[in-house]
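Below is one structure, written out as structure tokens, with a few remarks after it.
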Amino acid sequence: MNGAHDLGGKHCLGPIAPESEFSEPVFHHEWERRVFALTLATGMLGQWNIDESRFARERQHPQRYLANSYYENWLAGLEKLLDEKQMLTSDSSSRWRAASPDCAAQLLAAGSPTSRAAQRAPAFACGQRVRVRKLSMAGHTRAPAYVQGTTGVIAQFHGWHCYPDQRARGLDSAEPLYSVCFTGQSLWGPNSEASEVLIDLWEPYLERAENND
Amino acid sequence: MNGAHDLGGKHCLGPIAPESEFSEPVFHHEWERRVFALTLATGMLGQWNIDESRFARERQHPQRYLANSYYENWLAGLEKLLDEKQMLTSDSSSRWRAASPDCAAQLLAAGSPTSRAAQRAPAFACGQRVRVRKLSMAGHTRAPAYVQGTTGVIAQFHGWHCYPDQRARGLDSAEPLYSVCFTGQSLWGPNSEASEVLIDLWEPYLERAENND
Amino acid sequence: MSHDHEHDHTEPPSDLELRVKALETLLLEKGLVRSDTLDAIIETYEHRVGPRNGAHVVALAWSNDEFRRALLADATAVVSELGYVGRQGEHLQVVENTAEQHNLVVCTLCSCYPWTVLGLPPVWYKSAPYRARAVSEPRSVLAEFGTHLPESTQIRVWDSTAELRYLVLPERPRGTDDWSVEQLQKLVTRNAMIGVERARMPEDLLERDP
Amino acid sequence: MSHDHEHDHTEPPSDLELRVKALETLLLEKGLVRSDTLDAIIETYEHRVGPRNGAHVVALAWSNDEFRRALLADATAVVSELGYVGRQGEHLQVVENTAEQHNLVVCTLCSCYPWTVLGLPPVWYKSAPYRARAVSEPRSVLAEFGTHLPESTQIRVWDSTAELRYLVLPERPRGTDDWSVEQLQKLVTRNAMIGVERARMPEDLLERDP
């Protein structure tokens, strides 16, 4: 989707103003701790995957998304998922069982690897030129707008990984994943400060490009 | 520039909720009348062109731009121009003379045509396929993000017109202008509600595309 | 100076009102603008220039096929002969609706609009949702205006990114064959000339006209 | 449950605090989460998982060329052998800074970050300005962190759009040839492993370390 979350290359957002690494706390407010823990703990119920989480956070009015702090966007996403999955209605909540601390520790340590078995040979080889398709549809995608329509070179092949565009809809699906290298000039013009930008992109985002592109 | 003003195809902005044509006033608040008139009247001093005006309105934090009503963005742009052109400092204001009502009426009736003499033959002919270049630079441009990187067909040639990317920097410059026709599918995928989108684009935005693109 | 009364008289002016007032005062003091000129500008766009101009153009095109063809070929010349000239109408193009093809106008980057024939744009035309959605989901946008086109009608969207301004020539309503230009004008709404609605039907006049 | 004291005790809780509290209460009542589990999750990420893990990996790579080569070839395997495993570190890649090439990591679409080796990301990493500018103007971004690279140094930006997580292996500071892994770790800041700063110099330790 074309949302406010797709920030790469956007202008007029102001300075970064970092806090010092040596004094910045992990959480700045008690409510941030709670939102963080509630998000992870409810996620352990297995009713949504990380792409559904991201999509729930993205699907906000751009003004809202930009005004929210990071954990406010997490909160908005969590509330939306709980609502859409009808997990707070009285008759449905008995279906799920909260994770114990031990179980949670195991789940956190295990993580959720997204690599999957190969289903066929990848379409692109390292060194090949590819163009990122324009993908202006309403669903979740992980192809940032700033590379759509631009040509780059396949730098690495990472095997098959869960495909976010489908997984955000709750579907199980995997596609070949590549790191694609773009010259800064192709993205930002001749005075680009970046020499190269490398982005992980799934095969359906890409199409073969001519060598002179 | 990649700003919040570049709204084509953006999601999650909500319903349109139009007021009835038969009851909507031209202005909703007295301050809107004043901002409108002040913008036009100061513009008559000849210190900026329309592209500089647009660029001044665009160059705001995206959150601010989206939160502002239309005339609030005009106000922000006007304040910025007056400041940047140093027109409110006491020693400089005697340089300019306010337009009289008669003079203003003449200026409004004359408008500011942007057509210019041809400098050479246009690079593209009607029916030719062109791709919109990716133009992610910080300056003003009138190539919307949603067509950048997409291929369309030259539908009309409008002769030479003032070129906004240069004119927003106060430079006098003209380029060939075309209406380019994009299929809805090339912009929004197979289920596009738009059959075709036609956009006016200047020659430097375009590059020749292959027929199979 | 006229004045709106959207809020209670006892309510203090908002920060925004104060900010505008301060700017106006400063510009007047510096001699950069004149009060009578400001009033004249407001008068022009609040009361003189408006969609009546465009409705006149459309009614003429419906009534006279030669005019219609000339209008479609060079709207700038034809419309200026009618005296509808000026700012934000320097370069005009008229696009014609048919049963097969419906046209819709938007400006995604700001809110360009043909002032000379339609006056100043309504709030919704300038709103982020319209600017975002007119190009990507025009059928849904039209539905929000109560306009439901057959699936077979193609939708062509014009995004006014340059200084060309677009005016939609709506389809002439049925049952108006013997109508005069003056009568036809009443059927031509502003929204129909932007392309979010069809022209009014003769029966609409009875219902809606004051 | 620990508690921050950013505001005066007499100040009422904000709408946001009330909203979070209400949600937590509801989720506890429904049995969808457990209070002890919430506390354990917070404890893990506030006190156990953090950039010390990454600093250990970097110091090992500086000290042992074989480890370094293995790390660059398959960071996921090598780092998991050290026990730094889990969520947001399932697929790890280490990218090496040299005099010729500097690496910088960002996630423009959300704020993906290698939790297993760096803990939770700082506010600035999650901020709109960093996410917007790291890819398009990395040199200016680095300057805001006080990092000024020679013009001849190429900047390579990694945008973490998938589930691969990137850790920058900074250049080993001069004058540390005989340093132990424990000593070297002190030079490895979180910011250096994101790529917005260089590793600390030996002389920085004297100035800044408490």
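This structure is a prediction, so every number in the text was calculated from the model and none was measured. Below, chains carry the letters A, B, ... as their sequence lines are ordered, and counting in each starts from 1.
Interface residue D:Ala40: only side-chain heavy atoms are found under 4.5 Å from chain A. Proximity to chain D is limited to the side chain of A:Leu45, based on heavy atoms less than 4.5 angstrom apart. Heavy atoms of A:Ser69 lying under 4.5 Å from chain D are absent altogether. For A:Pro15, the parts lying near chain D are the backbone and the side chain together; criterion is any non-hydrogen pair under 4.5 Å. For D:Leu38, the parts lying under 4.5 angstrom from a heavy atom of chain A are both the backbone and the side chain. Contacts between A:Phe182 and chain D at a heavy-atom distance below 4.5 Å are absent for every atom of the residue. Heavy atoms closer than 4.5 Å to chain D are found nowhere in A:Thr39, neither backbone nor side chain. Heavy atoms closer than 4.5 Å to chain D are found nowhere in A:Ala145, neither backbone nor side chain. For A:Leu107, no part lies under 4.5 angstrom from a heavy atom of chain D. Using a 4.5 Å cut-off between heavy atoms, D:Leu27 touches chain A through its side chain atoms alone. For D:Glu29, no part lies under 4.5 angstrom from a heavy atom of chain A. For D:Phe145, the part sitting under 4.5 Å from any heavy atom of chain A is the side chain, from C-beta outward, and nothing else. If you measure heavy-atom distances from A:Arg142 to chain D, the contacts under 4.5 Å come from both the backbone and the side chain.
Per-residue counts of heavy-atom pairs under 4.5 Å with chain D were compared for A:Ser100, A:Ala110, A:Ser192; the largest is that of A:Ser100. Highest contact tally toward chain D, considering only A:Asp200, A:Leu13, A:Leu201, A:Leu187, is held by A:Asp200 [criterion: heavy-atom pairs under 4.5 Å]. Residue with the most contacts toward chain D among A:Pro18, A:Ala104, A:Cys12, A:Ala41: A:Pro18 (heavy-atom pairs, distance under 4.5 Å). Among D:Gln101, D:Arg190, D:Glu137, the residue making the largest number of heavy-atom pairs under 4.5 Å with chain A is D:Arg190. Listed options A:Leu38, A:Ile16, A:Leu66 were ranked by heavy-atom pairs under 4.5 angstrom with chain D; first place goes to A:Ile16. Across A:Arg57, A:His11, A:Glu72, A:Glu79, the residue that shares the most heavy-atom pairs under 4.5 angstrom with chain D is A:Glu79. Across D:Val123, D:Thr116, D:Leu104, D:Val106, the residue that shares the most heavy-atom pairs under 4.5 angstrom with chain A is D:Val123. For the set A:Pro101, A:Gly184, A:Gly111, A:Ser115, the count of heavy-atom pairs under 4.5 angstrom toward chain D peaks at A:Pro101.
At least one donor-acceptor pair under 3.5 Å links the side chain of A:Ser195 to the backbone N or O of D:Ile155. Distance alone, capped at 3.5 Å, places no donor-acceptor pair between the D:Glu163 side chain and the A:Thr114 backbone. Proximity of a side-chain donor or acceptor of A:Arg33 to a complementary backbone N or O of D:Asp39 within less than 3.5 Å is not detected.
Within residues 75-86 of chain D, the residues approaching chain A closer than 4.5 Å by heavy atoms are, in numerical order, D:Val85, D:Gly86.
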(request) Report the C-alpha distance between A:Lys10 and D:Arg131 in whole Å, list the side-chain angles of each, state the deciding distance to 0.1 Å, and finish with yes or no for side chain to side chain contact (heavy atoms under 4.5 Å, CB included). (result) CA-CA 9 Å; A:Lys10 291 290 186 292; D:Arg131 288 166 52 190; over 6 Å; no

(request) I would like to know whether D:Cys110 and A:His5 meet side chain to side chain contact (heavy atoms under 4.5 Å, CB included); could you show each step before the answer? (result) CA-CA 7 Å; D:Cys110 45; A:His5 69 289; over 6 Å; no

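Closest heavy-atom contact between A:Glu21 and D:Asn191: OE1-N, 2.9 Å. Scanning both residues, D:Glu144 and A:Ala17, for their nearest heavy atoms gives OE1-N, 3.9 Å. Closest non-hydrogen pair, A:Pro144 versus D:Thr161, comes out as CG-CG2, 3.7 Å. Taking each heavy atom of A:Gly8 and D:Val135 in turn, the nearest pair found is CA-CG2, 3.8 Å. When all heavy atoms of D:Cys112 and A:Arg54 are compared, the pair lying nearest together is SG-NH2, 3.3 Å. The two residues D:Lys30 and A:Thr89 come nearest to each other via the heavy atoms NZ-C, 3.8 Å.
Between D:Leu16 and A:Trp31, some side-chain heavy-atom pair lies under the 4.5 Å cut-off. In this structure, D:Leu23 and A:Val35 have side chains that are not in contact, with every pair of non-hydrogen atoms separated by 4.5 Å or more. Contact check for A:Thr42 versus D:Val33: side-chain heavy atoms found under the 4.5 Å cut-off. Proximity of A:Tyr146 to D:Ser136: side-chain heavy atoms (C-beta onward) are nowhere separated by under 4.5 Å. Residues A:Leu198 and D:Tyr166 form no side-chain contact, since every pair of their non-hydrogen atoms from C-beta on lies 4.5 Å or further apart.
Within the 6.0 Å centre-distance limit, the rings of A:Phe36 and D:Trp115 are counted as a close aromatic pair.
For the 3.5 Å distance criterion, the side chains of D:Ser140 and A:Glu193 qualify, holding a donor opposite an acceptor.
A salt bridge is absent between D:Lys126 and A:Glu19: the closest approach of a Lys/Arg side-chain nitrogen to an acidic carboxylate oxygen does not fall below 4.0 angstrom. Look at A:Arg34 and D:Glu17 and you find no salt bridge, because none of the NZ, NE, NH1 or NH2 atoms lies under 4.0 Å from a carboxylate O.
Using cut-offs of 30° and 60° for the angle between ring planes, the A:His161 and D:His91 rings count as perpendicular.
To the nearest 0.5 Å, atom CG of residue A:Leu40 and atom OH of residue D:Tyr45 are 6.0 Å apart.
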